[in-house]
Amino acid sequence: MPLSWNEIKSRSITFSKEWENEVSEDAEAKSFWDDFFNVFGISRRRVASFEQQVKKIDAKTGFIDLLWKGVILIEHKSRGRDLDRAYQQAKDYFPGLNEKELPRYILVSDFERFRLFDLEENTHHEFRLPDFVNHVHLFGFIAGYQKRVFKEQDPVNIEAALLMGKLHDKLKAIGYGGHSLELYLVRLLFCLFADDTSIFEKGIFQEYIEQRTNEDGSDLAAHVGELFQVMNTPEGKRFKNLDEALMAFPYVNGKLFEEQLSLAHFDSDMRRILLDCCLLDWGKISPAIFGSLFQSVMDEKARRNLGAHYTSEKNIMKLIKPLFLDELRQEFEKIKNEKPKLKKLHEKISKLRFLDPACGCGNFLIIAYRELRLVELEIMKLLLEGQQVTSINDYFLVDVDQFYGIEYEEFPSQIAQVAMWLMDHQMNEQASVYFGEYYRRIPLTKSATIVHGNALRLDWQSLINPLPWEKHQIRYHYILGNPPFIGKHLQNADQKSDIETIFSGIKGAGVMDYVSAWYIQAARYMQMANIIKEKDFPDTKTAFVSTNSITQGEQVGVLWNELFSKYKCKIHFAYKTFKWGNEAKGNAAVHVVIVGFSNFDTNEKLLYEYDDLKGEPHEVKVRNINAYLVEGKDFALSTRKNAINNVPEMTKGSQPTDDGNLLMTDEEKNEFLKSEPQARKFIKPLISAKEFLHNQNRWCFWLVNADPAEIKKCPNLLLRIEKVKQFRLSSPKGATVKWAQMPGIFTENRQPATEYILIPRHSSETRKYIPFGFFSNENIVADSCNAIPNASLYHFGIISSLMHMIWIKYVCGRIKSDYRYSNDIVYNNYPWPENITNKQKEAVEKAAQAVLDVRSSFPGNSLADLYDPNTMPPVLLKAHQALDKAVDLCYRGQPFPNETKRMEFLFELYDKYVSGLFAKETKRK
């Protein structure tokens, strides 16, 4: 256990007095440095070696005066000699050291002057021997005191995970796998971390492996197994004749080493990998980051892109700050000068309980715990100000047992448990540095409750108390996390069953993303939990990171109508869509939202909006937040068969279900007509989204009302029809099999009988405007498009406007980040302008025609090129802006300052329409 700072300072004064005379002999020099290390309670012989032989930069042999590998290099000279030359000499040794031996610090000295260089921070300090006591804090790293800064992109995180991955592979290759392997690695992780952070006496794990095990690794597993047993045995119950090297390890408890594991088997290569792990500075590693990296090394595919597999602390903080941290910080700032209230706040935060019901490796719990401990540290600095602190263990109350998690996979749940202890120790180190008293919680008496199971099948309250609800007096105060993002098409049978169970009796639940089930579960929990009232404690609140699909498209009506109506939920804060991930190269960005909610209302509601999905949000205070994360009343659009206004019907395109036999490219069509020119009459242009946007051609056989005798004159066409028939007969769907009776016809024929507007169902989010177009009914609409028959230039103008585009952005569904336009959600719910004048209508029609005219002036360009934001011609952009202005004036005379105000207006207008407050328009012909 490290000495207290008071003891270290006392020893430094004694040291300075004892060595105030000149050091001349080599023997005296060695004694000097032995005593120097003893100031910090460290045996020099155990951590550092004199006269380490190396090859210098000039290829000559040199001898380092004193080296603690990976930590500090000391070069001493006779009194009065040049310390600049001593420093250069020290640097000349670096080429002879391997990467893991390179020190962070260089200390040069003539035994009267000392100059300490921190190579990582690029700083140096100089002092004289009598002033050692005033600079002794610079050497806190020797004693085990070190303020640590964790960098998310620090290579040591990746290197450590990869080394553990190698060890994992080696053990698995010999047949040591499954639960035993996972727990074995988690225990080694704890030992490596403990060895560098003063849970153990510094370096004893590495020393034990180096000095007590054979180089061929043959006895390493037995020694490690014995070590695990020792750390599960209280000191007073250990064998009296136990090896003193083993006796130096503390009793850990916490059940980490309780389970008896079968012995593994090591070889020389595996021993070397473990020692390489020991050479890393595990004190630099953040448990919040490493947990996810550690888990991902078990998956070879994930390991190839290792940096992509953790959630950045910055993104986690986006959730926990508005959920609870900002409020606690504000309360602290308000009362920090009133000690009685500070004591009350301290007691309160020590009783807060947190649940992550999809905790993974514990990232959210770890960061939440760290931030709670930091608040506690600020409180204790004020409460203990001016007091003589002798045992800080008695003052800190916040502990890991306030945190709970549920995780479906066993390995990450084990990592989460240990990572919480590691973060606890890091926070104890911070307290130790500030108060100058070493603080650790070993043996472990408390732990986070991390349950391995399915959170959608478990009773969340059972982690706290298995009694019935009516007998409960405790609850979680905050539920938080990042439940799994699994769309309906990617869910396995068990996950679909979970959705069916959670959404039982809720119409339309088959479309829901897996994450939505956690919202329902949290709402049910809060409905029960908030019956329990605790004086001075907040009602339970929840915040989840989720795919933005739950705030767009058809899922919104299913989920939020249930949350609003049945569970009386209110959204307290929300982050609009942004890209979730970290800054690692190659990580797959997911478009997400963060939603904080509960079943009680609050006056202070916050929206975080992004001008750039990759940028920083700005905070907006609002009166209410609706399901689309826009200020407005609580409501969610449901699917509609008919439009809320009297406008032409939108239909989906036709679906061939033909295995490609009724479709052709230009080349295939030309080749086909060479042998069967009589079939030309049956071939029509097929307009799909791809062909429409990219100015490409595609063709189909359209045999609706075709003369059978004419078809029989086309043997190649008959062959294609037969292939369609066989394809449909082989389908598992009964409806498709029935269509085998008419193999020449599309299974879903919705072809308009008149001219129509074509709407591509899928379009890139990067386009400011989705291009639409007019076509005659001779062009067959593919099922990748929608169509509006009997539409006019006015209709084209409205749906091509910015007003409609913003509506699409907020309410349509998505495939990844691309828009998925639907008639039943987007078009049928869209509130069109009310009671426009002929002049307004003509203005829209004129502007709409201008857009079409400009497009036609670029005949060699595809719509994809014309509407690419980087290549859109200025003349086309100006035409659209003129159309936007004409459409805006149909809604109101006052300009819309931003898209949020547009949506607020449209939602209000929608509410008026569906509430029947507007007189119905005269039905248009």
Side-chain angles (χ1 to χ4, degrees), residues 315-327 355 357 364 476-483 485 506 512-513 515-527 529-530 538-578 580 591-610 617-638 809-811 899-901 903-904 906-908 910-911:
N315 278 338
I316 294 172
M317 290 294 289
K318 287 177 182 175
L319 183 148
I320 68 175
K321 280 171 60 59
L323 177 64
F324 73 91
L325 188 59
D326 288 344
E327 191 175 331
L355 170 69
F364 283 80
Y476 306 111
H477 300 99
Y478 301 103
I479 301 170
L480 70 166
N482 181 15
F485 306 158
I506 301 175
M512 300 308 298
D513 190 294
V515 69
S516 63
W518 271 261
Y519 278 78
I520 299 294
Q521 284 289 76
R524 288 174 181 167
Y525 179 85
M526 291 186 291
Q527 191 177 57
N530 286 337
D539 284 346
T540 303
K541 293 192 288 186
T542 298
F544 288 140
V545 179
S546 316
T547 49
N548 58 5
S549 60
I550 66 158
T551 61
Q552 298 168 344
E554 57 193 347
Q555 295 192 46
V556 179
V558 179
L559 175 62
W560 288 101
N561 282 329
E562 183 77 0
L563 293 176
F564 288 150
S565 60
K566 184 173 181 179
Y567 298 103
K568 312 303 178 188
C569 287
K570 301 291 289 186
I571 298 176
H572 291 194
F573 71 90
Y575 281 78
K576 291 187 176 183
T577 297
F578 66 98
W580 177 265
H591 290 78
V592 303
V593 295
I594 297 174
V595 181
F597 65 106
S598 190
N599 64 340
F600 65 91
D601 205 354
T602 179
N603 292 327
E604 180 127 330
K605 297 185 177 75
L606 300 173
L607 262 178
Y608 297 87
E609 299 180 339
Y610 288 82
H618 55 270
E619 180 184 286
V620 182
K621 293 182 179 179
V622 295
R623 291 167 299 185
N624 199 64
I625 303 172
N626 69 21
Y628 298 91
L629 309 188
V630 172
E631 184 173 12
K633 294 181 180 179
D634 292 336
F635 83 98
L637 300 175
S638 299
K809 179 179 178 180
Y810 276 80
V811 309
E899 66 179 44
T900 299
K901 293 302 179 183
M903 284 308 300
E904 290 173 10
L906 287 173
F907 280 139
E908 288 178 8
Y910 168 87
D911 185 55

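Computed from heavy atoms alone, side chains included, the values below leave out hydrogens, waters and symmetry copies.
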Q: With heavy-atom distances below 4.5 Å as the criterion, would you say the side chains of F578 and N315 are in contact?
A: yes
Q: Among N482, V515, T577, V545, which residue satisfies the side-chain contact (heavy atoms from CB on, under 4.5 Å) criterion with V592?
A: V545
Q: Taking C-beta and beyond as the side chain, do I625 and F597 meet within less than 4.5 Å on heavy atoms?
A: no
Q: From I320 CD1 over to D326 CG, what is the distance, rounded to the nearest 0.5 angstrom?
A: 9.5 Å
Q: Less than 6.0 angstrom separating the ring centers of Y810 and Y628, yes or no?
A: no
Q: Can you tell me how far the NZ atom of K633 sits from the CZ atom of R623, to the nearest 0.5 Å?
A: 11.0 Å
Q: Quick one: list whatever passes ring-ring contact (aromatic ring centres under 6.0 Å, His included) with F635, sequence neighbours left out.
A: F907, Y910
Q: Check G481 against L319 and note the closest heavy-atom contact, atom names and distance.
A: O-CD1, 3.9 Å
Q: Which atom names give the shortest non-hydrogen contact between A636 and A627, and what distance separates them?
A: CB-CB, 4.2 Å
Q: Please give me the minimum heavy-atom distance between L563 and Y519, naming the atom from each residue.
A: CD2-O, 3.9 Å
Q: What's the spacing between N626 CG and I571 CD1 if we round to 0.5 Å?
A: 7.0 Å
Q: Would you confirm whether Q555, through its side chain, and D513, through its main-chain N or O, come within 3.5 Å as a donor-acceptor pair?
A: yes
Q: Angle between ring planes, Y525 versus Y476, binned at 30° and 60°: parallel, tilted or perpendicular?
A: tilted
Q: Could you tell me which non-hydrogen atom of K568 sits nearest to which non-hydrogen atom of S565, and how far apart they are?
A: NZ-O, 2.8 Å
Q: Is there a donor-acceptor pair under 3.5 Å between the side chain of E904 and the backbone N or O of V630?
A: no
Q: Who passes side-chain contact (heavy atoms from CB on, under 4.5 Å) against S598, sequence neighbours left out?
A: M526, N530, K541, H572, F600
Q: Please round to the nearest 0.5 Å and tell me the distance separating atom CG of N548 and atom NE2 of H591.
A: 7.0 Å
Q: Compare all side-chain heavy atoms of H618 with those of V620 and state whether any distance is below 4.5 angstrom.
A: yes
Q: I want to check something: taking the side chain as every heavy atom from C-beta on, are I506 and V558 in contact at a cut-off of under 4.5 Å?
A: yes
Q: For V595 versus L629, what's the shortest heavy-atom pair and its separation?
A: CG2-CD2, 4.3 Å
Q: Could you measure the distance from the OG atom of S516 to the CZ atom of F544? Nearest 0.5 Å is fine.
A: 11.0 Å
Q: Could you walk me through whether K576 and T551 pass side chain to side chain contact (heavy atoms under 4.5 Å, CB included), step by step?
A: CA-CA 9 Å; K576 291 187 176 183; T551 61; over 6 Å; no
Q: Would you say T900 and E631 make side-chain contact, with heavy atoms under 4.5 Å?
A: no
Q: Pick out which of D634, N599, T602 makes a side-chain hydrogen bond (donor to acceptor under 3.5 Å, both in side chains) with K570.
A: D634
Q: Got a second to check how far Q527's CD is from T540's OG1, nearest 0.5 Å?
A: 12.5 Å
Q: Taking all heavy atoms of T547 and all of V593, pick out the closest pair and write down the distance.
A: O-CG2, 4.1 Å
Q: Once the angle between the rings of F573 and Y575 is folded into 0 to 90°, is it parallel (under 30°), tilted (30 to 60°) or perpendicular (over 60°)?
A: perpendicular
